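Computed from a prediction, not measured in an experiment: that's the story for all the values here. Convention: sequence-line order gives letters A, B, ...; per-chain numbering from 1.
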There are 2 protein chains.
Amino acid sequence: MAKTGKSTATIHNVAEACGVSARTVSRVMNGQAHVRPALRERILETAQAMGYRPDPSARALKSGRKRIIGIVVNAVSSDTTFKRIEHISKLCSAWEHAVLVRFAENSEMEESTVESLMPWCDGMVIFSNLRTVRSPVLDSLTENGFPFMLVDPPHPVPYPAVRIDRARGYREAAEYLIGKGRKKPVLLVEHFRSGDRIRGFKKGLQSAGIPFSDDMIFSTGKEYAGGRNAAPELIRAIRKKKADAVICHNDKMVLGLMNAFIREGIHVPKDAALIGYDDDSFTPYTSPAITTIAQLGGNPADFIFEQIRDNIENGTAMKSKTLRTGLIIRESA
Amino acid sequence: MAKTGKSTATIHNVAEACGVSARTVSRVMNGQAHVRPALRERILETAQAMGYRPDPSARALKSGRKRIIGIVVNAVSSDTTFKRIEHISKLCSAWEHAVLVRFAENSEMEESTVESLMPWCDGMVIFSNLRTVRSPVLDSLTENGFPFMLVDPPHPVPYPAVRIDRARGYREAAEYLIGKGRKKPVLLVEHFRSGDRIRGFKKGLQSAGIPFSDDMIFSTGKEYAGGRNAAPELIRAIRKKKADAVICHNDKMVLGLMNAFIREGIHVPKDAALIGYDDDSFTPYTSPAITTIAQLGGNPADFIFEQIRDNIENGTAMKSKTLRTGLIIRESA
DNA sequence: TTGTATGCGTTATCAC
DNA sequence: GTGATAACGCATACAA
């Protein structure tokens, strides 16, 4: 019993102070019926005065409900992810649930992270980078009826998930560029997680009647540095008239690329149009402002929260959802 | 007893399966001595096979240690804050502690957020925007010996805290600009939390022998938009030769400002030097790359974690720390 | 080296 | 409308 210097009041202290039984205090604290209004009032005041707060551990032990939602985040922790966590967390607070966040060191660790977090919480949100289609751990959660939801998994998976249809946005972007008279749009992606982007890009070309060839796909490192480092190769392509527009993996990449272009005298959008992905908060403020593919159709955090809450409170089955993406047109394309 | 579809094994199930008492299983699970190696091995295997994990609630209830660290984040949740949370969270994971994150809606709510989170955890990290010097809630935590640490509070406070000496960096920035021959450096800040920036700026002017006047302080809204919106006024000042350098509240503000400058043909750094704050990840990748004031002297997350862990494990008294800031010179100044 | 018994603070069953 | 009592799963003082 490692004491925590606690002077915290218990339900019995409150009961005694009010001359009632613990059961009655419990009723009041949980807003249950069958307590005289006057008494309820008095107990509430006393509890307040004594600084009494029900012990979450005891409550969880007895009731089986921990009132905690777990969030597993993978190494790839972007601003977008954090914003979603913040949003979910606030919704949970209003629901009087706490939020436990744990970061998986890498995608291999994701499963063990889920497993270790599970006993702490009533439900989980997993920002997944799972490489496989099935997962023993997730299968076992499913069997036990433990509610969880994957967010933006890299592959189609047989679990409740919020998916993001990036292909659509990339297709739209390609079509838009061609519609604007571009002849040689190319795609600049990170090595990982780019399958849907490429697919959408190809479809866009196809529907616009431009033949796809492998040399339209460039790949690079992450974010700003990825953009900057890819610049020399792309500038070469632009000067050789082999490219007149670049659709990027994300907006950070655009920023890195665009500024490298500026240094070399490549004008955006005249010499090369640029399109990003994410609708990052800086995109309206650059010069030129960045045209970007954004996730549309509402905040996934709301959907995720509702699914998990409804499952926990009413046993509603978890539903999946696919969010579409679309183009936000600014100046860079 | 709202069941959570649990088929989870208890310590007794494991004990029974091994033909031993729960006491022995408990010893094994907690790595205590006095168990025959062979038996320990067998219990470990059985526990593993049965998927047994000690129930955190029961464990916490009995031992008084929840193995949870709480993190309170205020409305101002920047990337920097998130990176620190991630860092602390990972350290806690290695320490086999979970991390509970709760967002205060605003600084008025900060105290009640702290209060409501307290019963959940053994220690707390508070990214504080506290407006007052003393806080009844923090006083009561202190009295109870509950370990907590404030991160970057806006004012000096009588609690354990990691402070960031922004004044120093702003002073250094002002001196640097003047050393580079600038005659009219000005400061562009957000309305809130700018006292130390102004103080440092003034000191820098003073030590460089340039008289301070109130029209050297401009104030604006937050981040990118704040920078962009302040541009017209600053451009006027620059054209009237009333300004030839701007030190900003943060790097985002520089980005918004700089791009507005570019649109109006103001050259950076020729017409106006620009200095930001935060060493935001994009600063090396803009054109020109942004000179910025950065927090130096190690990651505060490490220090915070150590303080709290040492207090919880050994009762070590919490220490405070002040981190210095300094200039990172790139191209914009 | 191992086991027995007790209680942490709460909620739920059942009686009054 | 209210109260005695048991039980949740675990850790520990104490006994063997």
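- The side chain to side chain contact (heavy atoms under 4.5 Å, CB included) with B:Ile308 is formed by just one residue from the set B:Asp310, B:Asn311, B:Ile312; it is B:Ile312.
- The minimum heavy-atom distance between A:Leu323 and A:Gly297, with the atom names listed, is CD1-O, 4.1 Å.
- Residue A:Gln32 has no polar side-chain atom (N or O) positioned under 4.0 Å from OP1 or OP2 of C:dT11.
- Near DNA chain C, meaning a heavy atom under 4.0 Å away, the residues from residues 17-29 of chain B are B:Val20, B:Ser21, B:Arg23, B:Thr24, B:Arg27.
- Residue A:Met318 places its CE atom among more than 12 non-hydrogen atoms of other residues, nucleotides or ligands, all under 6.0 Å distant.
- Here C:dC8 presents its P atom at 14 Å from CD1 of A:Ile11, a figure rounded to the nearest Å.
- Within 3.5 Å, a donor on the side chain of A:Lys62 pairs with an acceptor on the base of D:dA7, or the reverse.
- A:Glu16 has its CD atom 17 Å from the C1' atom of D:dT2, to the nearest Å.
- Applying the 6.0 Å contact sphere to CD of A:Glu313 captures more than 12 heavy atoms from other residues, nucleotides or ligands.
- The NE2-P distance, from A:His12 to D:dA6, rounds to 13 Å in whole Å.
- Summarising the geometry, the separation between CG on A:Asn13 and C1' on C:dC8 is reported as 13 Å, rounded to the nearest angstrom.
- Rounded to an integer number of Å, the gap from NZ of A:Lys66 to C1' of D:dC10 is 13 Å.
- For A:Met29, the CE atom sits in a packed shell: over 12 heavy atoms of surrounding residues, nucleotides or ligands are nearer than 6.0 Å.
- The CZ-C1' distance, from A:Arg65 to D:dG9, rounds to 19 Å in whole Å.
- Under the rule for a side chain to side chain donor-acceptor pair (under 3.5 Å), the partners of B:Arg84 that lie at least two apart in sequence or sit in another chain are B:Gln295.
- The existence of a salt bridge linking B:Arg67 and B:Asp122 is excluded, since no basic side-chain nitrogen approaches an acidic carboxylate oxygen closer than 4.0 Å.
- The separation between A:Asn30 atom CG and D:dG1 atom P is 17 Å, rounded to whole Å.
- With rounding to whole Å, B:Arg42 atom CZ is found 16 Å from C:dT1 atom P.
- Look at B:Arg59 and you won't find any side-chain N or O under 4.0 angstrom from OP1 or OP2 of D:dC10.
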